[in-house]
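The block underneath contains the structure these notes are about, expressed in structure tokens.
A, B, ... follow the sequence lines: proteins, then strands. Residue 1 opens every chain.
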Protein chains: 2
Amino acid sequence: MKDNIDEMVTTLALTVFRANGALIAAGDSLTAPFGLSSARWQVMGAVELAGQPLTVAQIARNMGLARQSVQRLIDELERDGIVALDENPHHKRARLVRLTLHGQEAYAAIMKEWHAMAARLAEEMNAAGLRAAIGSLEQLSAGLDALRPPD
Amino acid sequence: MKDNIDEMVTTLALTVFRANGALIAAGDSLTAPFGLSSARWQVMGAVELAGQPLTVAQIARNMGLARQSVQRLIDELERDGIVALDENPHHKRARLVRLTLHGQEAYAAIMKEWHAMAARLAEEMNAAGLRAAIGSLEQLSAGLDALRPPD
DNA sequence: CCATTATTGACAACATGCTGTCAATTTGAC
DNA sequence: GTCAAATTGACAGCATGTTGTCAATAATGG
């Protein structure tokens, strides 16, 4: 194990890259049977968990992604009948995204499998370690954002 | 804070996605002045830290990326004069990648700035928390890899 | 030694993130 | 109310990851 704390930050960064790749790969395996992917599943989650229809721009802000990245995913999900776009009474241009019934069913099925997988993963992990990991990653993200040159 | 340990796994996953994005954005800011990027910097690091020239396939395995992803980055880095490909006495097809002098200089300059940033980030983090975070993420990655269907 | 298998690089297609630009619309300052 | 600024969707282009296929080369088993 590294002794310098700043070298540990570097190790943490590399570990994050690995974990990110592993999570996306696992998510793709989980969602592929439904014709979906990790990215589409995440967008669906943002819509479903909000509890109300959202605009594309709101979804992007919630997820920390660029507006246009989400826009394309939503366009594709609409073509596939996973989400529908309702007229927004408060904004003629920004329609509201909601899951279709088909989308809700697929999302529920995927979440059921994900929770089973998460429970199996949790077997080998302890709550204190997880809490520490989440805290450290939040610090890392916040610190990186703060240190970056403002736009 | 979540109480169910498997919900904490979900939270950890979302936190990893955020941290990954923040790290790439910070790395891009750090490397842009040298005409590089996070991805190219990471490949350079894999070559430099190996201590000896590597083949493209070896770099990919070390980084946990697909062979062809690294191949393209190396091709571009070669065009830019950051790496050079030497003939491999043991393999007529798989040439050996090494940093050029220019590449070494750029890498050293970037690493100097990265270490300064890491030290600043480390100021607000504690060694025990970092260790726990690294351990949890390694468990997560290993668990995800193990749970996925074999190819 | 020879035949089969695995590895490797080249090429191509695609998914998902980013940015930039433009017009339509909303918001806000005055 | 009006005009400037911000927000939004459409469109386009690029970076970086993936996969698949093919031919050249290495490695292996007989």
Side-chain angles (χ1 to χ4, degrees), chain A residues 16-29 31-32 35-44 46 53-61 63-80 83 85-97 148 151, chain B residues 16-29 31-32 35-44 46 53-61 63-80 83 85-97 148 151:
Chain A
V16 167
F17 291 137
R18 287 292 182 120
N20 184 70
L23 281 167
I24 290 176
D28 285 344
S29 293
T31 55
L36 294 171
S37 65
S38 284
R40 296 176 187 200
W41 172 32
Q42 285 179 260
V43 172
M44 292 168 72
L54 298 176
T55 66
V56 167
Q58 287 171 332
I59 297 170
R61 281 190 294 264
M63 297 181 68
L65 295 184
R67 183 171 53 93
Q68 299 295 38
S69 308
V70 175
Q71 183 73 53
R72 176 164 34 176
L73 288 170
I74 291 293
D75 289 346
E76 293 167 355
L77 288 173
E78 188 195 12
R79 280 187 223 115
D80 293 352
V83 305
L85 301 179
D86 297 331
E87 294 304 319
N88 183 350
H90 301 306
H91 198 304
K92 204 170 292 185
R93 200 173 171 78
R95 287 182 296 168
L96 293 169
V97 181
R148 271 194 327 125
D151 299 328
Chain B
V16 167
F17 291 136
R18 288 293 183 118
N20 184 70
L23 280 167
I24 289 175
D28 284 344
S29 293
T31 55
L36 294 171
S37 65
S38 284
R40 296 175 187 201
W41 172 32
Q42 284 180 261
V43 172
M44 292 168 71
L54 296 176
T55 66
V56 167
Q58 286 172 332
I59 296 169
R61 281 189 294 265
M63 296 181 70
L65 296 183
R67 183 170 53 94
Q68 299 294 38
S69 308
V70 175
Q71 183 74 53
R72 177 166 31 179
L73 289 170
I74 291 295
D75 289 345
E76 292 166 356
L77 287 172
E78 187 194 14
R79 279 187 222 113
D80 293 350
V83 305
L85 301 179
D86 297 331
E87 294 304 320
N88 183 348
H90 301 306
H91 198 305
K92 205 168 290 184
R93 201 175 170 79
R95 287 182 296 168
L96 293 169
V97 181
R148 266 181 351 112
D151 301 327

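- Proximity of L96(B) to T55(B): side-chain heavy atoms (C-beta onward) are separated by under 4.5 Å at one or more points.
- When heavy atoms are screened at a 4.0 angstrom cut-off, S38(B) is found touching no nucleic acid atom at all.
- At dT16(C), none of the side-chain N or O atoms of S69(A) fall inside 4.0 Å of OP1 or OP2 (strictly under the cut-off).
- When distances are taken from the side chain of A57(A) to each of dT16(D), dG17(C), dG9(D), the shortest belongs to dG9(D).
- Rounding to whole angstrom units, CG of residue L23(A) and C1' of dG17(D) are separated by 15 Å.
- A donor and an acceptor atom never sit less than 3.5 Å apart when one is taken from the side chain of R95(B) and the other from the base of dG9(C).
- Using a 4.0 Å heavy-atom distance criterion, A66(B) is classed as a base contact.
- Remark: P of dT16(C) and CD1 of I24(B) are 15 Å apart, rounded to the nearest angstrom.
- Listed pair S37(B) / dA15(D) fails the phosphate criterion, with no side-chain N or O lying under 4.0 Å from OP1 or OP2.
- At a cut-off of 3.5 Å, with distance as the only test, a side-chain donor of S38(A) or D28(A) sits close to an acceptor on the other residue.
- When the nearest nucleotides of DNA chain C are assigned to K92(A) and Q42(A) by heavy-atom distance, the more 5′-ward of the two goes with Q42(A).
- Among the atoms of the strands shown, only primed sugar atoms or phosphate atoms (P, OP1, OP2) are found under 4.0 Å from some heavy atom of L65(A).
- Distance, R93(B) CZ to dA23(D) C1': 6 Å, rounded to whole Å.
- One atom, NE2 of H91(B), and another, P of dA23(D), lie 18 Å apart when rounded to the nearest Å.
- Taking both residues in full, the closest heavy atoms of I74(B) and V83(B) are given as O-CG2, 4.0 Å, listed atom of the first, atom of the second, then distance.
- Comparing dG9(D), dG17(D), dT16(C) by their closest approach to the side chain of R67(A) singles out dG9(D).
- Scanning atom types as modelled, one donor and one acceptor separated by under 3.5 angstrom connect the side chain of Q68(A) and the base of dA10(D).
- The CD-C1' distance, from Q71(B) to dC11(C), rounds to 11 Å in whole Å.
- To the nearest angstrom, P of dT16(D) lies 6 Å from CG of L73(B).
- Put simply, the side chain of L36(B) reaches to within 4.5 Å of the side chain of L77(B), judged on heavy atoms.
- Going from atom CG of L85(B) over to atom C1' of dT8(C) covers 13 Å, rounded to whole Å.
- Rounded to an integer number of Å, the gap from CZ of R72(B) to P of dA15(C) is 14 Å.
- One finds no side-chain N or O of R40(A) lying less than 4.0 angstrom from the OP1 or OP2 phosphate oxygen of dG17(C).
- Proximity of L73(B) to Q42(B): side-chain heavy atoms (C-beta onward) are nowhere separated by under 4.5 Å.
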